[in-house]
Amino acid sequence: MMRTSVNRYVVTRPLYTEDAFIKEHEKVHRQHKTMLDHIKQYLTCDGKRVRNALLSLLPIIAWMKIYRLKEWLLGDVVSGVSTGLVAVLQGLAYSLLASLPAWYGLYAAFFPVIIYFFLGTSRHISVGAFPVLSLMIGVVVNRMVPENGPPANITAFEGLTMNEQRAIVAASLTFLIGIFQLAMGLLQVGFIVIYLSDTLISGFTTAAAAHILVSQLKFIFGLHVQGFSGPLSVIYILEGVFGQITSTNLHDLVTSIVVMVVVLTVKELNERFKSKLPVPIPIEVIMTVIACGVSYAFSFKEYYGVDVVGRIPDQFEAPMAPDLQVFRETSVDAFPMAIVGFAVAFAVAKVYSIKHDYVIDGNQELIAFGASNIFGGAFRSLAASTALSRSSVQESTGGKTQVAGVLSAMIVLVVILALGFLLEPLPKSVLGAVVIVNLKGMLMQVCHVPSLWKKDRPDCVVWIVTCVASILLGLDLGLAVGLGAELIAVVFRTQCPRCCVLANIAGTDIYRDRKDYTSIYEPEGVKIFRIPSPIFFANIDFLRGKLIDAVGFNPLRVLRKRNKALRKIRKLLKKGELTLMSVSPAKNSEDESSIEDLDLPTDFSDLPVQVNWRAELPANISVPPVDIHSLVLDFSAVSFIDITALNGLKMALKEFIRVDVEVYIVACDPYVFEKLKSCEFFDDEIKTSIFFLTLHDAMLHILQINPPLSVSEKEFKKLINTSPKYSRKCPSLQVKATETRF
């Protein structure tokens, strides 16, 4: 029965143990499916499943049916044109990160977009080159086809120029990345992205931004610096740049500075007045056009030695089959690239799906990007993901669906086939400046570190370790180190949880950490210990240690001391040094040469008395005191328990029970309770009756069987505790059959 008022409620119900609750409230019997049932269901095919599979594989069918032509088309057109212009510029710039001729970046803004249009579930991301992914590809390209030195021993390299060899490596690597992503999508392992936390991705992308910044310095200063890969590559590149700093091309440097200042300024204005501007000012495109015109008019390349984009073919290159030798050399590199590319794209897609209230499918996204990269790799494209800046343009200019993406690909197509020659005089220093400006968001993540340290120190350590390792060791090893640090942090959190002793908030059925509140009630002789995590093999010893600290004694040590005390009492009785009135002689104990198992429960069967361990003992026998009579374990946060922890928990409970401490477990999850039953957790010492439905139920039960002492009783107890100790001869001790107590 429940009576309620405005801000109070009163509940009247029976006091429930788990057994009593199950007996009174019958559970519904549910038939759980076996593995065979799941396999049969997975292999069953009917019309509905075929339709759902088709809609899942081709998401375009679902959103095309709801496409609002009059409302959405104009926004998609404006967005497609704006995004296409940005995609052209970023494609040219990001191809430099991959150490490839500029036009290969344009392919990444065309071929993958067409496939993603049909298979992708996100309506707002802009598919194409991603700077971090391009840089990771560039590391592999430089390793296999270095500028100074022989290329890797690949049969397909024979008779080709350095740029053609690098294009084969990049295209084959892109193809392999697509294979990995497609395989993971078909195997339904899209959940793998959850192991890359936001903190790890932030630290990794910040380090990648540092790598990108350093790699673009040679274009900013107009230097010819050899590319490096592997650990400490950043140091070697900086050494090469500053070793040639006196050879800086001032025209490149001044052009870069002017472009960066103007672009940054206008981007800030775009952000500040975005509510008033119909579309953001495409300042990058404007500055590119101006730079091309100035470079062509003043012949930067011929008269001032400025390195320019150069020839851009006005047709697509013939498709190619991936090289299997490159597969073997790059398979270890391709897998982390597949994960990083998908993780970044999925994170951006998730932001926009939440903002515009639609659902994205991680597994389908893996399939979409896998197919896109396989198709793009066959046409010599860079690996595709997404860039936040480009996706932001697509969404902020009114893009509603991937129709905007296809239109942006058409803009890229026009540039490749008809307008590419206009970009030939574009200085590479301008592209480097554009790349650096677009790194602002990733580099500014460093500013979040102090606040992250205040909010969550383990997460901050993961960020720092990932960032530093990725900068010094390279992006591939850095990502592995970051994952290791993240797993260690997770283990640390679960292996060393914050346990606490609870107390009752006076006048309520609410229990909180006793250190946090002043008006609390903690019954004498009762400890309530909260376990705030799952219990498994890695933290069971830690939890047992914390439990011992909470109660103030080690039950196993107390048990052993008590058994040793009983052994001494038997010896004293046998020798006659300890006498009792009106008691028959003690039975002969077992051979003293045998070793007692001190961990077993105390055995009074061969003694005419039973010892009261809370009183003073004769013959200067001392046993550690036990100040509690009841221990309550709060299992409300225990979601699972494994076999190793189950055995450890069982031993811990028995140790307390054997020193006369009643143990209770409260708020246990029903599935954990069932597992305890199935794993034979219960026996003669540990019974199901110790499980209570709530903490308050257990406390009421304890107070019923151990009512609090009155003031007079407490004073009498103090008097008894301060009375003189027993002597070795105890003639005045009263004995009642076998129930006499010392």
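Both backbone and side-chain heavy atoms feed into the values below; hydrogens, waters and symmetry mates do not.
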(Q) Could you go through L182 and M184, starting from their C-alpha distance and side-chain angles, then the distance that decides it, and tell me whether this counts as side chain to side chain contact (heavy atoms under 4.5 Å, CB included)? (A) CA-CA 5 Å; L182 182 62; M184 288 190 290; over 6 Å; no
Q) Would one find more than 12 heavy atoms of other residues, nucleotides or ligands at under 6.0 Å from atom CG of D516? A) yes
Q: Check whether any side-chain heavy atom of L217 sits under 4.5 Å from a side-chain heavy atom of L238, and report yes or no.
A: yes
Q: Report yes if the distance between the aromatic ring centroids of W63 and F118 is under 6.0 Å, otherwise no.
A: no
Q: Please check if any side-chain donor atom of S79 sits under 3.5 Å from a side-chain acceptor atom of Q394, or the reverse.
A: no
Q. Which pairs pass salt bridge (Lys or Arg N to Asp or Glu O under 4.0 Å) with one or both residues in residues 467-484, sequence neighbours excluded?
A. none
Q | L483 vs T466, side chain to side chain contact (heavy atoms under 4.5 Å, CB included): CA-CA, chis, key distance, verdict | A | CA-CA 8 Å; L483 280 170; T466 303; over 6 Å; no
Q) How close do S233 and H211 get, heavy atom to heavy atom, and via which atoms? A) OG-CE1, 4.0 Å
Q. Is any side-chain heavy atom of F219 closer than 4.5 Å to a side-chain heavy atom of L431?
A. no
Q: Decide whether S408 and T83 meet the rule of one side-chain donor and one side-chain acceptor closer than 3.5 Å.
A: no
(Q) Quick check: closest heavy atoms across W463 and S202, and the distance to 0.1 Å? (A) NE1-OG, 2.8 Å
Q | Trace of the side chain to side chain contact (heavy atoms under 4.5 Å, CB included) decision for L100 with L382 | A | CA-CA 9 Å; L100 293 172; L382 279 177; 3.5 Å; yes
Q) With sequence neighbours left out, which residue pairs that include part of residues 479-500 fulfil the salt bridge (Lys or Arg N to Asp or Glu O under 4.0 Å) condition? A) D456-R493, D459-R493, R498-D513
Q | Criterion side-chain contact (heavy atoms from CB on, under 4.5 Å) against I360, the qualifying member of T121, I354, I125 | A | T121
Q. So do F529 and L502 actually touch side chain to side chain, heavy atoms under 4.5 Å?
A. no
Q. Is I535 close to L543 at the side-chain level, that is, under 4.5 Å between some pair of heavy atoms?
A. yes
Q) Between N539 and F542, is there a donor-acceptor pair closer than 3.5 Å when you use the side chain of the first and the backbone of the second? A) no
Q) CG of L92 to CD of Q90: how many Å apart, nearest 0.5 Å? A) 10.5 Å
Q: Would you mind reporting whether R457 and L452 have side-chain heavy atoms less than 4.5 Å apart?
A: no
Q) Taking side chain as C-beta onward, heavy atoms only, is V481 less than 4.5 Å from S470? A) no
Q) How long is the span from the CG atom in L96 to the CD1 atom in I212, to the nearest 0.5 Å? A) 12.0 Å
Q: Evaluate whether atom OH of Y236 has more than 12 neighbouring non-hydrogen atoms of other residues, nucleotides or ligands under 6.0 angstrom away.
A: no
Q. Taking all atoms of both residues into account, what is the closest heavy-atom pair of V462 and A485, and its distance?
A. CG2-O, 3.8 Å
Q. Between the side chain of S372 and the main-chain N/O of A368, is any donor-acceptor distance below 3.5 Å?
A. yes
Q) Which class fits the ring pair F335 and F180: parallel under 30°, tilted 30 to 60°, perpendicular over 60°? A) perpendicular
**Q.** Under 3.5 Å side-chain donor-acceptor pair for S636 and D634
**A.** yes
Q) CD1 of I179 to CG of N373: how many Å apart, nearest 0.5 Å? A) 10.5 Å
Q. Do you see a donor-acceptor pair shorter than 3.5 Å between the side chains of E284 and N438?
A. yes
(Q) Would you say CZ of F492 has more than 12 non-hydrogen atoms from neighbouring residues, nucleotides or ligands within 6.0 angstrom? (A) no
Q.
Side chains of D76 and T401 only: does a donor on one sit below 3.5 Å from an acceptor on the other?
A. yes
Q: For residues S99 and G138, report the shortest heavy-atom separation together with the two atoms involved.
A: OG-O, 4.3 Å
Q: Name all pairs fulfilling the side-chain hydrogen bond (donor to acceptor under 3.5 Å, both in side chains) condition that reach into residues 333-355, sequence neighbours left out, sorted by first residue then second.
A: R143-D333, K355-E395
Q | H356 vs R123, side chain to side chain contact (heavy atoms under 4.5 Å, CB included): CA-CA, chis, key distance, verdict | A | CA-CA 9 Å; H356 295 280; R123 303 175 194 171; over 6 Å; no
**Q.** Inter-residue atom distance I137.CD1 - T174.OG1, 0.5 Å rounding
**A.** 4.5 Å
Q: Please name the pair of heavy atoms, one in A207 and one in I471, separated by the smallest distance, quoted to 0.1 Å.
A: CB-CG1, 3.6 Å
Q | Geometric class of the F640/F536 ring pair [parallel <30°, tilted 30-60°, perpendicular >60°] | A | tilted
Q) With a 3.5 Å cut-off and no angle check, do the side chains of S391 and T386 form a donor-acceptor pair? A) yes
Q.
How long is the straight-line distance from CD1 of I115 back to CD1 of I367, given to the nearest 0.5 Å?
A. 13.5 Å
Q) Counting distance only, does the side-chain N/O of R390 pair as donor-acceptor with the main-chain N or O of A87 below 3.5 Å? A) no
**Q.** Pairwise side-chain contact, S122 with Y358, heavy-atom cut-off 4.5 Å (strictly under)
**A.** yes
Q | C500 side chain near K515 side chain, heavy-atom distance below 4.5 Å | A | no
**Q.** Between CD1 on residue I339 and CD on residue Q181, distance to nearest 0.5 Å
**A.** 8.0 Å
Q) Which heavy-atom pair separates V332 from P336 by the least distance, and what is that distance? A) O-CD, 3.0 Å
Q: Please say whether more than 12 non-hydrogen atoms of neighbouring residues, nucleotides or ligands are located less than 6.0 Å from NZ in K675.
A: yes
Q) Do the ring centers of Y116 and F369 come within less than 6.0 Å of each other? A) yes
